[in-house]
There are 2 protein chains.
Amino acid sequence: MSTLEPVTSIPQATVARLPLYLRALHQVAEAGNPTVSSAGLAAAAGVNPAKVRKDLSYLGSYGMRGIGYDVATLTQQISASLGLERGWGVALVGVGRLGQALTNYAGFANRGFAIKAVFDSATDQVGTKVGPLTVQHVNELPQVVAAQKIAIGIIATPAEAAQDVCDQLIAAGVTSILNFAPCVLFVPKGVDLRKVDLAIELQILSYHEHHKTLPDRGTRLAPRRRRGSSVPSRRTRAISGALPTRTTRTKAVDE
Amino acid sequence: MSTLEPVTSIPQATVARLPLYLRALHQVAEAGNPTVSSAGLAAAAGVNPAKVRKDLSYLGSYGMRGIGYDVATLTQQISASLGLERGWGVALVGVGRLGQALTNYAGFANRGFAIKAVFDSATDQVGTKVGPLTVQHVNELPQVVAAQKIAIGIIATPAEAAQDVCDQLIAAGVTSILNFAPCVLFVPKGVDLRKVDLAIELQILSYHEHHKTLPDRGTRLAPRRRRGSSVPSRRTRAISGALPTRTTRTKAVDE
DNA sequence: TCAACTTTGTGCATCCGTTCACAAGGGGCT
DNA sequence: AGCCCCTTGTGAACGGATGCACAAAGTTGA
């Protein structure tokens, strides 16, 4: 493993989990544990311990054998890898109820994302305050975004307006977009796009719910153990007390 | 392929895309096309045509060779498979800004999800109206949810309250949960859980953004073509005009 | 009726992600 | 010092998902 450069193509799946570990690490830190084992972190993040170790190995970070990971160090390494140490300016378009909720969402500011400007096309919205920000007309978007060198955009408009807004954001220099509008967006190469469709999540739940109540056995697959061996009768005692043996975790479908 | 029973264990990845196809089909229908090819649908849904065909084949649905898929039929089949034909009652807990936005989100009602009750623990929220609904105290949750046989719950509380609320929902009979609180929830087997963490999405974007501006080449991998053969020089003319040749789609990371 | 064309359905190879299982490394107690 | 135990890091097997490429099937037009 290359120990010096932490920039060695981290798998997508791992990148998607790093924020999870970060969240878990904060819990562990608040519990007062200076170190945490992969098992402890796994429990707090709701994943498999081996996955944690493999994921963290991509960062080139060192755990201490026999001990675990230093919470402070690991927190800092993950933050660095995610690029959270510098703050990011964010522009949000669409100040409907969802847009307002997002603008005020504390979880963004906590992680270094500062919403710098909010836009809408409805003239009666323009000029009103959303939190500390004044809603600007979407016509202003190009200048404002370009002038402030904002790199991240959030789209919370109706689907009809989304592609248009998207194009404008990109023209103004935005290179990462989080889309809440329920539609497919097309972006040029070099621009990253992620989407959150609230209704889709419910529909996926609906599928599983539907097939639970179905006459014949639904699609559910039993957690079948692969090799007959090794049900670890001894429960690994984690350093942190954060092993919530509550109940089994569900197969939360993707991600 | 089993043509008669459409209930033959659909892969997770496919289930997650079905709502996407449904959305695309509505677009196509509004455009007035009675049929659509896999290529047309793929373009509208932002995925690969082969994937569309394979996905749809799991439903046991028939496309018509030489023609494509009948839009109305396919819409109905996907809806049926997702269990969207009957409506679902939904309980929402946590009437903060996000909770309010979700309660009023039109996309839910459109797809057959009716929010039947909203709860909060803040006494000054209780009794206020959110849309047509009156906020009830979370103490009422067990009775209300059980009495109305609500199967789906949405958690939009702060992280600290989430596990507690989750347990109560399950005790009251909910078997599918959509969690917006930024924390890991543990649920017993048989209960399905999906999560949406808004901050995590931004952090993933941050990672890519960060590595774009890095001195050496970032993590981006070129779209390298596998076999040297067959760049289809002829553009497949879809029946629907919905082939938006705009720009290349990004590698929207997961999902 | 027949030929050319369109589009589906799917076998297959490949890739990515997951998880097991184990060797190697360190810490601490005696 | 030496032993034991804990934990990391990773090789390797496995399974699921993706996407190509092609045969089968049906349509259209002459």
Side-chain angles (χ1 to χ4, degrees), chain A residues 1-3 9-17 35-42 47-70 73-74 219 221 223-232 234-240 251-255, chain B residues 1-3 9-17 35-42 47-70 73-74 219 221 223-232 234-240 249 251 253-255:
Chain A
M1 253 226 36
S2 63
T3 70
S9 131
I10 303 177
Q12 303 284 6
T14 296
V15 172
R17 274 188 299 267
T35 65
V36 64
S37 69
S38 64
L41 197 56
V47 302
N48 182 297
K51 212 186 285 191
V52 170
R53 290 200 295 276
K54 188 153 280 190
D55 283 345
L56 295 185
S57 77
Y58 289 118
L59 300 185
S61 86
Y62 293 153
M64 290 163 289
R65 295 178 187 242
I67 300 288
Y69 299 88
D70 180 74
T73 308
L74 190 54
T219 320
L221 29 147
R224 80 244 182 267
R225 186 155 293 284
R226 205 174 345 239
R227 309 271 165 89
S229 69
S230 78
V231 176
R234 153 187 60 87
R235 199 160 263 298
T236 44
R237 182 77 55 100
I239 289 185
S240 89
K251 53 287 158 187
V253 184
D254 81 55
E255 188 189 28
Chain B
M1 254 230 33
S2 63
T3 69
S9 132
I10 303 177
Q12 303 285 6
T14 296
V15 172
R17 274 188 299 269
T35 65
V36 64
S37 68
S38 63
L41 197 55
V47 302
N48 182 297
K51 212 186 288 190
V52 170
R53 292 199 296 276
K54 188 156 284 189
D55 284 344
L56 295 184
S57 77
Y58 289 118
L59 301 184
S61 86
Y62 293 154
M64 290 162 289
R65 294 176 188 242
I67 299 289
Y69 299 87
D70 181 73
T73 309
L74 189 54
T219 320
L221 30 147
R224 79 238 181 274
R225 185 154 294 281
R226 205 175 344 241
R227 309 269 166 92
S229 69
S230 78
V231 176
R234 151 188 60 86
R235 199 160 263 299
T236 44
R237 183 76 57 99
I239 290 184
S240 86
R249 254 188 93 250
K251 53 286 157 187
V253 186
D254 82 55
E255 187 191 34

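First the proteins, then the strands, lettered A, B, ... as listed; each starts at 1. Scope of the values below: all heavy atoms of this structure, side chains included, with no hydrogens, waters or symmetry mates.
Annotation: the span from A:Leu59 atom CG to A:Thr14 atom OG1 amounts to 8.5 Å, rounded to 0.5 Å. Distance check: B:Tyr69 OH to B:Leu56 CG gives 4.5 Å after rounding to the nearest 0.5 Å.
Note: OH (B:Tyr62) to P (C:dT7) measures 21 Å, nearest angstrom. Atom CG of B:Asn48 is separated from atom C1' of C:dT8 by 14 Å (rounded to the nearest Å). Rounded to whole Å, atom P of D:dC6 lies 20 Å from atom CG of A:Leu41. Distance, A:Tyr58 OH to D:dG9 C1': 12 Å, rounded to whole Å. Rounded to whole Å, the distance from NZ on A:Lys51 to P on D:dG11 is 20 Å. When rounded to the nearest whole Å, the span between CG of A:Asp55 and P of D:dT8 equals 13 Å.
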Please enumerate all protein N or O atoms sitting under 3.5 Å from an N or O of nucleotides 22-26 of chain D, with distances to 0.1 Å.
unit_1	atom_1	unit_2	atom_2	d
D:dA24	N3	B:Arg65	NH1	2.6

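A:Asp70 and A:Met64 make their closest contact through N-CE, 3.9 Å (heavy atoms, listed as atom of the first residue, atom of the second, distance).
You'll find that the side chain of B:Ser38 is closest to C:dT8, out of C:dT8, C:dT10, C:dT19. Comparing atom distances between the A:Tyr69 side chain and each of D:dG9, C:dC12, C:dA21 picks out D:dG9 as nearest. The nucleotide whose nearest atom lies closest to any side-chain atom of B:Gln12 is, among C:dT18, C:dG9, D:dA17, D:dA17.
Applying the salt bridge (Lys or Arg N to Asp or Glu O under 4.0 Å) test to residues at least two apart or on different chains, the pairs with a partner in residues 55-67 of chain B are B:Arg17-B:Asp55.
Under 3.5 Å, the side chain of A:Lys54 and the base of C:dT19 form at least one donor-acceptor pair of N or O atoms.
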